[in-house]
Structures are given as structure tokens and as C-alpha cells.
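As C-alpha cells, the structure follows; a few thoughts come after it.
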There are 2 protein chains.
Amino acid sequence: MARLDNCIAMMDEGIGRMREVIPHLPAEQVTLCRLMVMVGARLDDGLGEQIRQHQLNHSEFLTLVMLHSRPDGSSTPGELCEFTSQGSTNMTRIGNALVKRGLISRGASVEDRRCVLMRITAAGRRFVQKLLPPMFPRVEAMFAGFSATDRRQLSRLLRKLARNLDQLDADDAS
Amino acid sequence: MARLDNCIAMMDEGIGRMREVIPHLPAEQVTLCRLMVMVGARLDDGLGEQIRQHQLNHSEFLTLVMLHSRPDGSSTPGELCEFTSQGSTNMTRIGNALVKRGLISRGASVEDRRCVLMRITAAGRRFVQKLLPPMFPRVEAMFAGFSATDRRQLSRLLRKLARNLDQLDADDAS
DNA sequence: AATTCATATTTCACCAGTGAAATAAATTCT
DNA sequence: AGAATTTATTTCACTGGTGAAATATGAATT
């Protein structure tokens, strides 16, 4: 796989040439877009590899960790769909996979019996708690050389970007 | 689709609870990771929608724009694979699709006759130049409220993160 | 009680990308 | 000249996810 650094250099050159052909190209913003997508995807790939070693795919992992981090360790498929950006079809499949491995249980909700409750099991919790710590060194290494201010800035800017994206989606919808 | 803002709030709460269970969790870095992935993916989705209106998928678009931004408008499959993070199998398919639409041409290279040269056609250039400008307003809106300093900071931090990720990949390989 | 709405599952056809293996052709090495 | 290497294509089985439609069931509305 190409180093990110090369891809970025290639992009910088490409955008440099593009702006000569397309006069009103917002070069700085386009660059930031591409950086976000490239770096975000690569970051995800690296972690995905660690996850795959545990026979989990990305969505299954996310769903499981999501449940683990809920106050009561449970949620409904609909809610999980929303926060993992999955379709309901896929959520059903994810549920099947996790239930089969004994990491979660699934049953009708007591309050609203048409809801299904997915709940992490004790085995599921153990699994997550064993799975996560080995990922920490990599996560920390990603931000090596980032000062406390750098981290705060990045967090601030990403959250700001997120708000703008929400706004754009809202505009699209209306 | 859930607003990014909700997802982020949910994540913040989740990580807050997690750190009580897992003592040495690098909460700040994990948060940044998740932010990068979530925001990057959402950003991509929004643009992907605009691209799909032109009967192009993400990779085809990237490949085409890549060619357009090269000095001579041409490249080899291998090179394009590298910079678009595609497998060669897929690159062949992308080439087929773009050739069929007359946006690129494909033929043996003169210098090295085992290389294939993919070159954007005049029609391809027109297509790209008509396709891009409508995307600019969205791209600009994404960074609404970003000061020049904000943009420079974000660029700096993303490039720094990219270098760290390259370093991690290099370490993995060795 | 009947209708409407909400939640979830299942099935199905589909899209996009992966990874390995076999093939082909051209180049480089020795 | 012969062998090894590089580049690309093709085929194939696979993974992961999408989107629509049909079904079922429970809850809310009237």
C-alpha cells in the first residue's frame, strides 16, 4: 500500500495543476476534504486489521463496543442502526453473528414488546475488555508528537466540521 | 440518518463510561480516532451522493479526477492503484467502465509495452470540468466559520497524523 | 374493535471491493 | 539465449453492505 505521504504529495500537485485550469476552485477546502477522507480511511484500516484478528468485522465490533458502553449494556436494533450508520437489514445480520458467538443476547423488550433488546453478555464484556487494551498503544502512537493543545485543537475543529456537515444534511433534506 | 452531533454525544458519553471500567484507556486519543473516522466518512458520503448523480461511483470518480490532474492526463493502472488504494482487479474494472463511457482511452505504453496507459479523453476533461464546479459550494460550506488559522491548523494536524500513520504502517511491516 | 403506525425480521437481487490463481506479454537479468 | 521479473488482465469465490418488498407483531389512535 502506498504511503499516505506520497498520496498527499500527489494530491497537492494535482490540486495545484487543477487550480490553473479551474479558476475558482476552492483549493484549500478541497485539500482539507481529501485529507480528512484519506487520513480517516487509513486510520480506520489500521484498526480494522487488529479487529479482524478477532474474527469481527468493523460493524460487529462497533455494535458490540457500543453495547458495552451503554449504561445497562443494552439497546434496540433501531437505535444501534442510527448510531452505527447501518441499515436494519444489516443490523439483523450483525445481531445473528454476535448472538451465535454468545457475545450478546436478543429478546423482546418488556416495555415495548415489538422492540427487540440486544444486550451484551458477561462473555461479551470479557471479550471487549480483553480486545481493547492491545489497541491502545497504536491509538496512542497515532498522536505521538501531538501537544495537549494540538489534541484540543483537532478535537475542536473536527467537532466544528461535524456541525457544518449536519447543517448541510439538514439543508439537503429541506 | 442520525445527525453526526448525536453520534458524537453518544460517543462522548460511552467513552466516559468506558474509562471508569478500563482504567488506562487513552480517552482523548480514542475520541479523536472516532471523530476522524466518523467525520471523514460522513464528509465522503455527502460528496458521494453528488457523484452518484453522474452515474459514477467513488473509485471511478477518483480515478478520473486523478487522471485529469496529471500533467499529461495519463497514468498506468499500477500507479492509479497505488494512489487510489484500489486492487488491480478493481482497477481493471474501473478502466472498463470509464473506457465504455468514452471518458478515458486505454492502450499499450510506448516506452514499456507491458504497461497499459490510461489517458483521459477530451470528453473526459469536459465531463470533469462540468462535474466539479457544482461541488464547490458544498465544499466551501463545510468549512464555514473556519478562520484562515483554523484551516491552516487543521491541515497541519491532519498531515502530522498522516505521518504518524505511515510510521505505524512501516513498523508493522518490519 | 378497527385502523393506523412503529419495530423488526426475512428474503432477494444487487453493488463495490478483495484476494488468489492462472494467463499473457514485455522487460530485465545473468 | 534463457530465466526471472514486472505489469496487467481475467476468472472465481468471497465479504460486506444496500434497498425494496413482504411479513409479522405489538402499540397507539379513533
Using whole Å, report how far [atom1] of [X] lies from [atom2] of [N].
{"X": "A/I94", "N": "C/dT10", "atom1": "CD1", "atom2": "P", "answer": "14 Å"}
{"X": "A/E49", "N": "C/dT18", "atom1": "CD", "atom2": "P", "answer": "13 Å"}
{"X": "B/D112", "N": "C/dT27", "atom1": "CG", "atom2": "P", "answer": "6 Å"}
{"X": "B/Q86", "N": "D/dA8", "atom1": "CD", "atom2": "C1'", "answer": "16 Å"}
{"X": "B/N90", "N": "D/dT11", "atom1": "CG", "atom2": "P", "answer": "16 Å"}
{"X": "B/M118", "N": "D/dA8", "atom1": "CE", "atom2": "P", "answer": "10 Å"}
{"X": "A/E82", "N": "C/dA8", "atom1": "CD", "atom2": "P", "answer": "11 Å"}
{"X": "A/M91", "N": "D/dG19", "atom1": "CE", "atom2": "C1'", "answer": "18 Å"}

Review point. Is a donor-acceptor pair below 3.5 Å formed from side chain B/S59 to base C/dA16, judging by atom type as modelled?
Key: no
Study note, to complete from the structure: Closest to the 5' end of DNA chain D, once A/T89 and B/V116 are matched to their nearest nucleotides, is B/V116
Check your understanding: 5'-most contact on DNA chain D: A/L56 or A/R113, nearest heavy atom basis?
Key -> A/L56
Review point. Which nucleotide, C/dA26, C/dT18, D/dA27, lies nearest any side-chain atom of B/R114?
Key: C/dA26
Study note, to complete from the structure: Which of D/dA27, D/dT9, C/dA8 is nearest the side chain of A/P77? It is C/dA8
[X] side chain near [N] phosphate (N/O to OP1/OP2, under 4.0 Å):
{"X": "A/R93", "N": "C/dT9", "answer": "no"}
{"X": "B/N57", "N": "C/dG17", "answer": "yes"}
{"X": "B/T76", "N": "D/dA8", "answer": "yes"}

**Study point:** N/O donor-acceptor pair under 3.5 Å between B/R119 side chain and B/S105 backbone
**Key:** no
Exercise for review: Determine the contact category for B/E111: base if any of its heavy atoms lies under 4.0 Å from a base atom, sugar-phosphate if only primed atoms, P, OP1 or OP2 are that close, otherwise nothing.
Suggested key: sugar-phosphate
Exercise for review: Assign B/R52 to base, sugar-phosphate, or nothing according to its heavy-atom contacts below 4.0 angstrom with the strands shown.
Suggested key: nothing
Point to revise | Verdict with reasoning, B/E79 to B/R70, per salt bridge (charged side-chain N to carboxylate O under 4.0 Å, His left out) | key: CA-CA 12 Å; B/E79 202 179 8; B/R70 306 245 51 200; 2.9 Å; yes
Exercise for review: Check whether any side-chain heavy atom of B/T63 lies under 4.5 Å from a side-chain heavy atom of B/Q86, and answer yes or no.
Suggested key: no
Exercise for review: State, yes or no, whether a side-chain contact exists between B/N96 and B/R106 at a heavy-atom distance under 4.5 Å.
Suggested key: yes
Review point. Between the side chains of B/S155 and B/R151, does any donor sit under 3.5 Å from an acceptor?
Key: no
